[in-house]
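Here the structure is laid out as structure tokens; the discussion comes afterwards.
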Amino acid sequence: MSEAVRPAADARDGEFARGWKIVLAATLGVGLGLSPMPVYTLGMLAPQLSAAFGWSIAEVMGVMSVTTLTVVLSAPLTGALTNRFGARNVALCSVVLFGLGVLSLALSSGSILGFYLTWGFIALGGAGTLPITWTRLVNEHFQRNKGLALGLAMMGSGLFGIFAKPYVRWLIEQWGWRGAFVGLGLLPLVLALPAAFIWFRAPKSRVDEPAAPPVAMGGMTTAQAVRDWRFWLLAVALVPISFALGGAVPNMEGILRAGKLDSGTIASLTPLIGLSAIIGRLVGGWLLDRFWAPMIGTILLALPGLSYWSLMGGTIDPQAAGISIFLIGFALGIEYDFIAFIVARYFGMKHYGTIYGWLYIPFAIGAGFAAPVFGHDFDVNGSYVLSLSCSAIALLTCAGSLLLLGPYRTFEASERP
């Protein structure tokens, strides 16, 4: 190995040697937070709640709209609080509020309004469990391995997706839907909270290590970013992209049932979402570190558009369904990583939390309203063909707009906050 190559390799190894605790805490925080929990569990709980209270599937899926509206209001504030008080403090408080909120769902009565209000509290208190918070320290610490580190951190949602459905099914069989909410609410309190308290803090630099490059804390102010056309390109593109990916996942059981697959086949296929999301985060993160991110995002986010066509038929082939689910999960896996990576590369770290928070709004709008729209499509038409068709078109057209972002930006040391 040449002397020119060794320092770069040592720097890569050093980042993970000192930052693995941050990544692990972020993995648990993301995986057991507000972002994946309703997406991966509502599909299992909706029939139970519908049978218990007479709510329609679309009404239960309306939870996604409630959380979306709350996140739209709270995401920028969460980003600003992260910049002001630090990612660790915001994350710790939010994990506690989120866990307690999910526990309280076990006390739900037949009031759909009360159910929505509870989820509104969960989304408000749990906004600090979104990637806005967890990716802050990861982005600050990792430079050469930024994409891979973000992929590992965001892998938590994929891990949760793998065990969430079997776990919820087991909880329902043992203790009913109320026990399922208790089991879900305990997860962030028992696992994510201790990990964040112990590990989610910036590591101290070693005396013999060179200082981090200036770009680590350089960047635009929020006002500068909002005036940049790239910000609005991302904001506009993220709505249909997140709608297309966010609507299919919580409705996947229904989509497969509409395709005349039996319950056993459905149970064996749906965990592929979580598994492929993990692969998408790792492979996608590795690719983001080595190739131009907009190109990678365009390719990987457009592929599920092709897979949706195979889910529209009257009878779905199990093998084709497995491939389609894998592609959807793979794209879902890179989506969050891509946003965090893009914000850091094109807008810098100076006001990262606030800028990410504002860009999370269009993302949340698309994903949040998708699930009930998909559910309404089924309630009215008896199938998901219309929703899947619109989603396929959205992915194939909007993903390509990311290629307009241009080369990465660089920021001078004088732009440090």
Seminar exercise, completed: Checking T221, T222, N83 against H351 for side chain to side chain donor-acceptor pair (under 3.5 Å), the one that qualifies is T222
For this session: Apply the test side chain to side chain donor-acceptor pair (under 3.5 Å) to residues S324 and S310: give CA-CA distance (whole Å), side-chain angles for both, the deciding distance (0.1 Å), then the verdict.
Result: CA-CA 7 Å; S324 299; S310 67; 2.5 Å; yes
Problem set entry | Pair R136 + E140, salt bridge at N-O below 4.0 Å | yes
Exercise. So, do L130 and T78 sit near enough that their side-chain heavy atoms are less than 4.5 Å apart?
Worked result: no
Exercise. If only atom types and distance count, is the side chain of T118 paired as donor or acceptor with the main-chain N or O of S108 below 3.5 Å?
Worked result: no
Seminar exercise, completed: Heavy-atom nearest pair, L124 first then T70, reads N-CG2, 3.4 Å
Exercise. Do the side chains of S401 and L233 get nearer than 4.5 Å, heavy atoms only?
Worked result: yes
Exercise. Going by an N to O cut-off under 4.0 Å, is there a salt bridge joining D228 and R409?
Worked result: yes
Exercise. Is there side-chain contact between F115 and V66, with at least one heavy-atom pair below 4.5 Å?
Worked result: no
Exercise. Between Y346 and G406, is there a donor-acceptor pair closer than 3.5 Å when you use the side chain of the first and the backbone of the second?
Worked result: yes
Problem set entry | Over all atoms of both residues, closest heavy-atom pair of L300 and P304 | O-CD, 3.4 Å
Problem set entry | Aromatic F231 / basic R227 pairing, under 6.0 angstrom, 45° off normal | no
Problem set entry | Separation of W134 CH2 from S35 OG (nearest 0.5 Å) | 12.5 Å
Exercise. Think R281 forms a cation-pi with F330, using NZ or CZ under 6.0 Å from the six-ring centre and within 45 degrees of its axis?
Worked result: no
Problem set entry | Test side-chain contact (heavy atoms from CB on, under 4.5 Å) applied to L24 - qualifying residues, sequence neighbours left out | W20, W199
For this session: Ignoring hydrogens and angles, tell me if any N or O in the side chain of T265 forms a donor-acceptor pair with the backbone of L261 under 3.5 Å.
Result: no
Problem set entry | Spacing of CG belonging to L272 relative to CE belonging to M252, to within rounding of 0.5 Å | 10.0 Å
Exercise. Would you find more than 12 non-hydrogen atoms of other residues, nucleotides or ligands less than 6.0 Å from R84 atom CZ?
Worked result: no
For this session: Would you name the heavy atoms of V182 and A106 that are closest together and state the gap between them?
Result: CG2-CB, 3.7 Å
For this session: Spell out, as yes or no, whether a donor-acceptor pair under 3.5 Å connects the side chain of R230 to the backbone of L405.
Result: yes
Problem set entry | For S307 against L327, the heavy-atom pair lying closest together | CB-CD1, 4.0 Å
For this session: Please test F243 against I365 for side-chain contact (heavy atoms from CB on, under 4.5 Å), starting from the C-alpha separation and ending with a verdict.
Result: CA-CA 8 Å; F243 176 92; I365 289 174; over 6 Å; no
For this session: Take L402 and L234 through the side-chain contact (heavy atoms from CB on, under 4.5 Å) test and state the conclusion after the steps.
Result: CA-CA 7 Å; L402 301 174; L234 287 168; 4.0 Å; yes
Problem set entry | I112 vs F53 side-chain heavy atoms within contact, under 4.5 Å | no
For this session: Measure from the side-chain N and O atoms of T298 to the backbone N and O of A399, and report whether any donor-acceptor pair falls under 3.5 Å.
Result: yes
For this session: Go through the structure and list residues passing ring-ring contact (aromatic ring centres under 6.0 Å, His included) with F347, not counting sequence neighbours.
Result: none
Exercise. Stepwise, does the side-chain contact (heavy atoms from CB on, under 4.5 Å) test hold for S389 with Y308?
Worked result: CA-CA 7 Å; S389 299; Y308 282 158; over 6 Å; no
Exercise. Is the closest side-chain heavy-atom distance between L103 and F181 below 4.5 Å?
Worked result: no
Problem set entry | Within 6.0 Å of OH in Y408, more than 12 heavy atoms from elsewhere | yes
For this session: Examine distances only and state if a side-chain atom of W232 and a backbone atom of V226 form a donor-acceptor pair shorter than 3.5 Å.
Result: yes
For this session: Kindly say whether the aromatic ring centers of F197 and F200 come within a distance under 6.0 Å.
Result: no
Exercise. Less than 4.5 Å apart, any side-chain heavy atom of L238 and any of Y360?
Worked result: no
For this session: Would you check if the side chain of S50 reaches a backbone N or O of P47 as a donor-acceptor pair within less than 3.5 Å?
Result: no
Problem set entry | Stepwise side-chain contact (heavy atoms from CB on, under 4.5 Å) test for N251 and D377 | CA-CA 11 Å; N251 287 282; D377 183 20; over 6 Å; no
For this session: Side-chain contact test, heavy atoms from C-beta onward, threshold under 4.5 Å: evaluate it for L92 versus V96 and give yes or no.
Result: no
Exercise. Between S94 and T129, does any side-chain donor sit less than 3.5 Å from a side-chain acceptor?
Worked result: no
Problem set entry | N/O donor-acceptor pair under 3.5 Å between D317 side chain and A320 backbone | yes
Exercise. Considering residues at least two apart in sequence or located in another chain, which fulfil the side chain to side chain donor-acceptor pair (under 3.5 Å) criterion with Y352?
Worked result: T135, N139
Problem set entry | Residue pair P131 / Y356: nearest heavy atoms and the distance that separates them | CB-OH, 3.4 Å
Exercise. Do V23 and F142 come within less than 4.5 Å of each other through their side chains, counting heavy atoms only?
Worked result: yes
Problem set entry | W358, CH2: over 12 other non-hydrogen atoms inside 6.0 angstrom | no
Problem set entry | Exercise: identify the closest heavy-atom pair between L288 and F341 | O-CZ, 3.4 Å
